[in-house]
Every structure is written in C-alpha cells, then in structure tokens.
Amino acid sequence: MSDQKDVFVQVLLPPFPSKPPTLILSCHLNSVSSHRFCQALTSSTNSFNPSVGHFNFVDELLNVFNSTCVNILDSIAPVRDKRLKSSFLPWLNEDLRHLKRQCRKAKRKWKKYKLAESLVLLKSLMSSYQVAVKNVRDYYFSQLITKQGHNPTVLFKTINSVISPSFNHVNEASLEICEEFLKYFNNKITEIKHHILPNSREFDIISCPYSQLTHFNKISLLTLDHTVAVLNSC
C-alpha cells in the first residue's frame with residue numbers, strides 16, 4: 001500500500017513544425033530563347049566593343065561581356081524559385097509508368113482532335129490505370145506488413161502514412177498577398193466592364209394614365225353567390 005497521490009500536470013507543447021518545401025532555382029528555356037538571345041546580344045555589341053569603349057585591360061572587357069550576357073538571360077529567362085514535389089511512390093513500377101504515359105498520350109490526342117473515340121480510349125486507360133495502382137499499392141502494403149510484422153516502428157510509420165498523408169505546404173496569408181489579390185481582382189472587374197459594350201437602346205418609360213374610381217354599381221346576392229362559386233372552382 002502507498003499513501004502517495006497522483007500528480008496531474010498540464011503541459012502545452014508547441015505544434016509539430018511542418019517540413020518546409022524544397023525550393024530550387026530554375027529558368028525556362030525553349031527554342032525561341034536562343035534566337036532572342038542572339039538578337040539582344042547583337043544589338044548590345046557596342047557596350048563591349050573595344051573600338052567604341054575604353055578598356056584598359058582584357059578583364060574589364062570580359063566583365064562587361066559577362067554582365068551583358070547575364071542581363072540578357074535574366075530578361076529572357078529569369079531565374080525563379082521552383083518547388084519540388086515530394087511524389088515518391090515506392091509501389092510505382094515500370095508497368096504503372098507505361099500506363100501513365102499511355103494516359104497522357106491519349107489525353108493529348110483527345111485535346112487536339114476532340115473525337116468521341118479518343119475520349120472513350122482515354123476513359124478506358126484511366127480506369128485501367130486506377131485499378132492497376134490500387135492492386136499494386138495493396139500488394140505493396142500487404143508485403144510490407146507481412147515482412148515487418150515484428151517491427152512496430154515500421155508498422156506505425158506505414159499506417160500513419162496511409163491514415164495521415166502529408167499535405168502540401170500552404171503559404172500563410174499576409175497583408176501584401178491580400179493587397180495584391182485585391183488589386184488583381186479590381187483590375188479584372190475594370191477590364192470586364194470596359195469590354196462590355198453599352199446598350200444603345202433607350203427604354204422609354206411608359207406612363208400609365210391615372211384613374212380614380214368614383215362610381216360603384218350595386219350587385220345582387222345571386223350575382224355574389226355566382227362569383228364566389230366561380231372563384232372556388234378555380
């Protein structure tokens with residue numbers, strides 16, 4: 001026997017910090033970028049031309065050339081932050097990748113031609129892909145639970161990943177973001193109003209003649225009964 005009493009303590013723990021998204025620096029270059037770069041560089045040759053500018057050393061000329069190329073590249077393909085998607089699926093195999101590529105190919109074909117048979121093919125491939133993903137995923141988890149049945153840590157992580165999947169990081173709202181959205185929304189409304197053509201037709205207000213009832217004719221009881229009977233039958 002013990003005479004000790006339970007001690008209850010209430011502790012407020014901070015929320016579990018979410019994993020910040022992985023950002024990388026990237027720039028988008030296409031087939032038109034090289035042509036635009038050559039045009040811009042040709043028009044800027046005077047800035048690093050030795051016969052025009054005063055350069056005492058070769059390094060100065062090289063620095064001007066490099067800065068000119070960097071400025072042109074920044075204007076054509078600016079460097080932006082790109083968020084990497086954490087889409088690692090351990091059950092994804094080559095068969096699923098092949099089905100996914102077929103779905104994308106059928107989707108592009110349907111968007112291009114808008115044919116009924118293309119839409120039927122796309123729906124059939126999408127259904128097959130979803131069934132295949134479900135079967136492969138079920139097999140993966142069943143094998144994992146069977147092999148790691150003695151390891152509660154792995155089982156807990158597996159069940160937690162299925163029940164509580166990770167959500168994408170959402171940027172917190174700030175005053176600057178709200179102001180930008182308000183400005184964008186107002187500009188859109190103003191642009192839509194400018195594109196609406198004013199209706200040139202003017203509707204005339206038809207004035208109804210004013211009349212006042214001043215004389216009433218008396219009716220008989222038979223006429224009143226007849227009128228009430230007709231109204232009740234309607």
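Only this structure's heavy atoms are used, side chains among them; waters, hydrogens and symmetry mates stay out.
- In this structure, CG on Asp74 lies 11.0 Å from SG on Cys69, to the nearest 0.5 angstrom.
- Counting only N and O atoms by type, the side chains of Thr68 and Asn71 include no donor and acceptor under 3.5 Å apart.
- Between the CG atom of Leu96 and the CG atom of Asn135 there is a distance of 9.5 Å, given to the nearest 0.5 Å.
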**OP:** Report the C-alpha separation of Ser128 and Leu125 in whole Å, then their side-chain angles, then the decisive distance to 0.1 Å, and conclude whether the side-chain contact (heavy atoms from CB on, under 4.5 Å) test is met.
**Re:** CA-CA 5 Å; Ser128 301; Leu125 290 175; 5.5 Å; no
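- Side-chain contact between Gln148 and Asn151 is present, with heavy atoms from C-beta onward closer than 4.5 Å.
- In this structure Lys134 satisfies the salt bridge (Lys or Arg N to Asp or Glu O under 4.0 Å) test together with Asp138, sequence neighbours excluded.
- Under the 4.5 Å side-chain heavy-atom criterion for Ile, Leu, Val, Met, Phe, Trp and Tyr, Leu121 and Leu99 are members of distinct hydrophobic clusters.
- For residues 95-123, the pairs satisfying side chain to side chain donor-acceptor pair (under 3.5 Å) are Glu94-Arg97, with sequence neighbours left out.
- Between Leu122 atom CG and Met126 atom CE the span is 6.5 Å, to the nearest 0.5 Å.
- The closest side-chain heavy-atom distance from Pro78 to Arg80 is below 4.5 Å.
- A side-chain donor-acceptor contact under 3.5 Å links Ser220 and Thr223.
- Here the CD-OG1 distance, from Gln39 to Thr42, works out to 7.5 Å after rounding to the nearest 0.5 Å.
- For the atom pair Leu231 CG and His226 NE2, the distance stands at 9.5 Å (nearest 0.5 Å).
- Residues Phe141 and Arg137 have side chains in contact (heavy-atom distance under 4.5 Å, counting atoms from C-beta outward).
- Using a distance-only test at 3.5 Å, with no hydrogens or angles considered, a donor-acceptor pair links the side chain of Ser142 to the main chain of Tyr139.
- From His194, atom NE2 reaches atom CD1 of Ile189 across 12.0 Å, with rounding to the nearest 0.5 Å.
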